[in-house]
Amino acid sequence: MPVGKTKIELIKGDITQTNVDAIVNAANTTLLGGGGVDGAIHRAAGPKLLEACRKLSGCLTGQAKITKGYNLAARFVIHAVGPVWRGGNNNEKEFLNSCYRVSLALAKEYNLKSIAFPCISCGAYRFPIELAAACAIETVKIFIEDNLQALEKIVFVVFSDRGFEVYNNLLKKESEEH
Ligand code: ADP
């Protein structure tokens, strides 16, 4: 779905294999590695990624920090810390929106042209995928509208058939409305 000059793509697969300038990691506040997509990214990037993360002194929920990508095809990894879902009345949506906003701002600051996002918070942190996808797409759209020249491509990388269906339906709806 093109918005201005920026293309939004949806892929089902492993984000570590995505050929973009930066992949976003769904990290935890320690930035010292975890399971899920974080574990996959650290395995694919190699031990230098953990070394780099150690120097960052952690990261607050809703924020993001950038490192190199080391052995990944991506030149950079943006480590974003999503909220743990606690029922929805604890600013979960705002924290998740902030993850996307700050990651996109970092990509812009580093002059990157393409970025790939996993479904931040939708694994161990239990954020409902329908709500998370709506947050992700909305925040990305606002960024694109405010930064028409910044990025060429934004990729959502989903891991499950269900995730693919949810994003695909929302993106289709969006493009029909515009
Ligand atoms: P969080 O703790 O933020 O919930 P998880 O890593 O547990 O992070 O899950 C986030 C999302 O990433 C989930 O939807 C999960 O299915 C997905 N995921 C796990 N491994 C990968 C991978 N290699 N590539 C893309 N997405 C992945």
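Remember, it's 1-based here, ligands and their atoms both numbered in the order they're listed.
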What is the nearest protein non-hydrogen atom to [atom], stated with its residue, atom name and distance?
atom	result
atom 19 (C) of ligand 1	V37 N, 3.6 Å
atom 23 (N) of ligand 1	D14 OD1, 2.9 Å
atom 3 (O) of ligand 1	S121 N, 2.9 Å
atom 8 (O) of ligand 1	A26 CB, 3.8 Å
atom 7 (O) of ligand 1	A124 N, 2.8 Å

Problem set entry | Listed partners of R43 passing side-chain contact (heavy atoms from CB on, under 4.5 Å), at least two apart |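 Only A40 meet the side-chain contact (heavy atoms from CB on, under 4.5 Å) criterion with R43.
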Problem set entry | Which residues share a side-chain contact (heavy atoms from CB on, under 4.5 Å) with V102, sequence neighbours left out |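 If we apply the side-chain contact (heavy atoms from CB on, under 4.5 Å) test to V102, skipping adjacent residues, the hits are Q63, A64, S98.
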Are [X] and [Y] packed together at the side-chain level, in the sense that at least one heavy-atom pair is separated by less than 4.5 angstrom?
X	Y	value
L171	I8	yes
L60	V81	no
V155	I115	no
E138	Y100	no
F76	L112	yes
V37	F159	no
S103	F117	yes

Give yes if a backbone or side-chain nitrogen or oxygen of [X] is under 3.5 Å from a nitrogen or oxygen of ligand 1, and no if not.
X	answer
Y125	yes
I15	yes
R126	no

Which of the numbered atoms in ligand 1 are below 4.0 angstrom from a heavy atom of [X]?
X	answer
G123	4 (O), 5 (P), 7 (O), 9 (O), 10 (C), 13 (C)
A40	23 (N)
G13	24 (N), 25 (C)

Exercise. Taking non-hydrogen atoms only, is F159 closer than 4.0 angstrom to ligand 1 via side chain, backbone, both or neither?
Worked result: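 The side chain, only.
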Exercise. At under 4.0 Å between heavy atoms, which part of C119 makes contact with ligand 1: side chain, backbone, both or neither?
Worked result: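 Under 4.0 Å from ligand 1, C119 contributes backbone and side-chain atoms.
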